[in-house]
**Q** 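What follows is a structure written as structure tokens; I'll ask about it next.
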Amino acid sequence: MKLNDGQNQAVNYISGPCLVLAGAGSGKTRVITNKIAYLVRECGIPARQIAAVTFTNKAAREMKERVGQTLGKKEARGLKVSTFHTMGLSIIKSEFRSIGIKAGFSLFDDKDTFSLLKDLTEETLDGDKEQLFLLQSCISNWKNDLILPEQLQKQALSPGEVEFAKFYLDYQTHLRAYNALDFDDLILMPTLLLKSNETVRTKWQNKIKYLLVDEYQDTNTSQYELVRLLVGERARFTVVGDDDQSIYSWRGARPQNLVLLKEDFPALKLIKLEQNYRSSGRILHCANILIQNNPHVFEKKLFSELGYGETLKIIIAKNEEHEAERVVAELLAHKFMKNTQYKDYAVLYRGNHQSRLFEKLLMSNRIPYKISGGMSFFGRAEVKDIMAYLRLLVNQDDDNALLRVINTPTRGIGRVTLEKLGSFANQLGCSIFEAACHPQLHSVITGKAQQHISHFTRWIVELSDNATRGDGISAIRDMIKAMQYEEWLYESSTSPKAAEMAMANISTLFGWISDMLEGNELDPPMTLQEVVNRLILRDMMERSEEEEGADQVQLMTLHASKGLEFPYVFMVGMEEGLLPHQSSIDENNIEEERRLTYVGITRAQQELFFTLCKERRQYGEVIQPEPSRFLYELPQDDVEWEHKKVKDSAEVRQQKGKTGIANLRNILSSGK
DNA sequence: CTGGCGCCTATTTTT
DNA sequence: TAGGCGCCAG
């Protein structure tokens, strides 16, 4: 397949900063992969000096694969394709001295940070979950906005904020003591370093001759700053994005970064990709009309040459059960008529809880389905245990890891001992492991408990030496044997079966670890520390083969559907209060909900069905929701309302139209 | 392993 | 209100 004009332009323009506004289904992945190939082949830039950044590991993996296909393994060697976080991690890895952390640092995931915050605020917040979550997200937001605790304390704050700012400082201090970084640090630290240290900055600017960023509309402040620092004055980069698909602002994404880019790089070349290769003309027309209700910085209009296609159908159900029944019935009839496969269908919804009834009904009809989201592998106790051991081997100051494993399997180190040990560590201002090795330990803990502790610490140190020096994987296997973990599993599990499953999970984990330690053609071998950190970032093959090509109906949230496509799509729960969600209505933030709807619509290739209920149970009571305003925003000639009086819909349309415009005005005036 | 009781929570989630 | 989950007893 040849590239179209826009795509060609986007690939060939390399003389300056470049923004590719890539509409849904316009072939942006092709552009990125072809551009990388172009840079290597035509411009003679070695692959190792090109970096491509994505948001998810899945996207990175896919891009790597596609480039490998286009360029061939030889030419693609050394190409850096990674997520923002992995890229940050690799900068930190080579610059950790300048950042002020020790080698062998740990990564804390959000469970770890939560438990750390819980400990730090025990007296003040007393485990108040809501407050803790709030605190956690505040800290994350501050970090994403490049605000440090010291700066925060200088700002005028409300009493509540003052308290939180203090926790933030405390939190950072403790992270340092544990020699640990959280996910946000993976961006924040490199950004601060590159900003303040010219030598390092120049070094990395020379290392990365060309930078590509995918899903640019999802970048937050610190990520954009990192991009700016990396590209420097030369500004040799391409970012690809679509402001209409920005659906993560609730998580810190700043779609305004698209505008900033134009201001920060006046020479910015703007290229629009408007030809869609995915959907029928009618589906696109509906999407275009809908999204026109949002204000735009860059105007964009998608078109398609795939024919106009079927009318979009709006199915009206009595209640939720009926809605699920209707979808299943419609799907089966459709499948029979068109002789399609289950995997050609997707059911998209706003909130995870909506999946339940569909799942129930699909199951009772023996229809294979897959609900995406929720990868529970790393939630398994045994996997967490082993991961904690590995973390401890790499970094003994990782208190979370230590606390998890110090008495698993049972080693006679009970709660009382741990409390003493904990307060001793607090007193010394060091990690628990350090405290456990402290010569004065006997002043706090004596007798058997002390013996158990020093036995444990010696064992860990020895293991750690073995694992880092010699053959990593066999050292780990030895470790499992030495602590009789398997026996302990069989004893402590409720059934032998459960223990067997647990062991199977552990061998899966071991498989990944040894693969990563050994490396392959595309990925170089890693050290144990690298492996552990990668696993915490969940950067692995996931269950790729298992269900990849399986013939299953796809169920997922609208958020999870971004980037995917399906021949036939059901968007369910098209009701005021659900889509747009009530909280978004309350906060007058329906633009993002409209984009979410836009994302959903543009997933469909051939046919699109909407469903809604006349009645729905909510918090115990039965409500009668209005059809979603977005349904009225669609061109009514292209949609077909099921048994609904024409007059009726026209009336409501008019009403809705008014409020829609009023809202838009509000948004426009409040936005500026 | 199972059933029952009581508690919690109802928007999206990656790294 | 209902469903999910953890905990405990049998």
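Residue numbers begin at 1 in each chain, while the letters A, B, ... track the order of the sequences. Only a predicted model underlies this, so the values are computations on that prediction, with no experimental measurement involved. Keep in mind that the numbers below use all heavy atoms, side chains included, and drop hydrogens, waters and symmetry copies.
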**Q** Over how many whole Å does the gap from R616(A) atom CZ to dA10(B) atom C1' extend?
**A**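 Those two atoms, CZ and C1', are 13 Å apart.
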**Q** How many whole angstroms separate atom CZ of F133(A) from atom C1' of dT9(B)?
**A**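 It works out to 12 Å between those atoms.
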**Q** Write down the distance separating the P atoms in dG4(C) and dT11(B), rounded off to the nearest Å.
**A** 16 Å
**Q** Between S355(A) and N352(A), is there a donor-acceptor pair closer than 3.5 Å when you use the side chain of the first and the backbone of the second?
**A** yes
**Q** From CG of D218(A) over to C1' of dT15(B), roughly how many Å is that when rounded to an integer?
**A** 13 Å
**Q** How are the rings of F105(A) and F96(A) set relative to one another: parallel (under 30°), tilted (30 to 60°) or perpendicular (over 60°)?
**A** tilted
**Q** Send over the distance from E62(A) CD to dT14(B) C1', rounded to a whole Å.
**A** 15 Å
**Q** Does K207(A) have more than 12 heavy atoms from other residues, nucleotides or ligands lying within 6.0 Å of its NZ?
**A**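 More than 12 heavy atoms, drawn from other residues, nucleotides or ligands, come within 6.0 Å of this atom.
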**Q** Which of these passes side-chain contact (heavy atoms from CB on, under 4.5 Å) with L181(A): I101(A), L188(A), L175(A)?
**A** I101(A)
**Q** Expressed in whole Å, how much space separates the P atoms belonging to dT12(B) and dC5(C)?
**A** 14 Å
**Q** For K360(A), does the NZ atom have more than 12 heavy-atom neighbours from other residues, nucleotides or ligands under 6.0 Å away?
**A**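 At most 12 heavy atoms, drawn from other residues, nucleotides or ligands, come within 6.0 Å of this atom.
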**Q** Is the ring pair H559(A)/W250(A) parallel, tilted or perpendicular, if the boundaries are 30 and 60 degrees?
**A**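 H559(A) and W250(A): perpendicular rings.
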**Q** Can you pull every protein N or O that's under 3.5 Å from an N or O on nucleotides 2-7 of chain C?
**A**
none

**Q** What does the list of N/O pairs under 3.5 Å between the protein and nucleotides 11-13 of chain B look like, with a distance for each?
**A**
{"residue": "dT11(B)", "atom": "OP2", "partner": "Y619(A)", "partner atom": "OH", "Å": "3.4"}
{"residue": "dT11(B)", "atom": "O4'", "partner": "H581(A)", "partner atom": "NE2", "Å": "3.2"}
{"residue": "dT11(B)", "atom": "O2", "partner": "R350(A)", "partner atom": "NH1", "Å": "3.1"}
{"residue": "dT11(B)", "atom": "O2", "partner": "R350(A)", "partner atom": "NH2", "Å": "2.3"}
{"residue": "dT11(B)", "atom": "N3", "partner": "S583(A)", "partner atom": "OG", "Å": "3.4"}
{"residue": "dT11(B)", "atom": "O4", "partner": "S583(A)", "partner atom": "OG", "Å": "3.0"}
{"residue": "dT12(B)", "atom": "OP1", "partner": "N352(A)", "partner atom": "N", "Å": "2.7"}
{"residue": "dT12(B)", "atom": "OP1", "partner": "N352(A)", "partner atom": "OD1", "Å": "3.2"}
{"residue": "dT12(B)", "atom": "O4'", "partner": "R350(A)", "partner atom": "NH2", "Å": "3.3"}
{"residue": "dT12(B)", "atom": "O2", "partner": "W250(A)", "partner atom": "NE1", "Å": "3.2"}
{"residue": "dT12(B)", "atom": "O2", "partner": "R350(A)", "partner atom": "NH2", "Å": "2.5"}
{"residue": "dT12(B)", "atom": "O2", "partner": "H559(A)", "partner atom": "NE2", "Å": "3.4"}
{"residue": "dT13(B)", "atom": "OP1", "partner": "T557(A)", "partner atom": "OG1", "Å": "2.8"}
{"residue": "dT13(B)", "atom": "OP2", "partner": "N352(A)", "partner atom": "OD1", "Å": "3.1"}
{"residue": "dT13(B)", "atom": "O4'", "partner": "R251(A)", "partner atom": "NH1", "Å": "3.2"}

**Q** Could you check how far CG of L564(A) sits from P of dT14(B), rounded to whole Å?
**A** 13 Å
**Q** Apply side chain to side chain contact (heavy atoms under 4.5 Å, CB included) to E530(A) and M516(A), showing your working.
**A** CA-CA 9 Å; E530(A) 287 170 321; M516(A) 290 163 89; over 6 Å; no
**Q** Parallel, tilted or perpendicular, judged at 30° and 60°: which one describes the rings of Y224(A) and Y216(A)?
**A** perpendicular
**Q** CG of L186(A) versus C1' of dT14(B): gap in Å, rounded?
**A** 12 Å
**Q** Whole angstroms only, please: what is the CG-C1' distance between L535(A) and dT15(B)?
**A** 14 Å
**Q** Is it the case that the ring center of F630(A) lies less than 6.0 angstrom away from the ring center of F610(A)?
**A** no
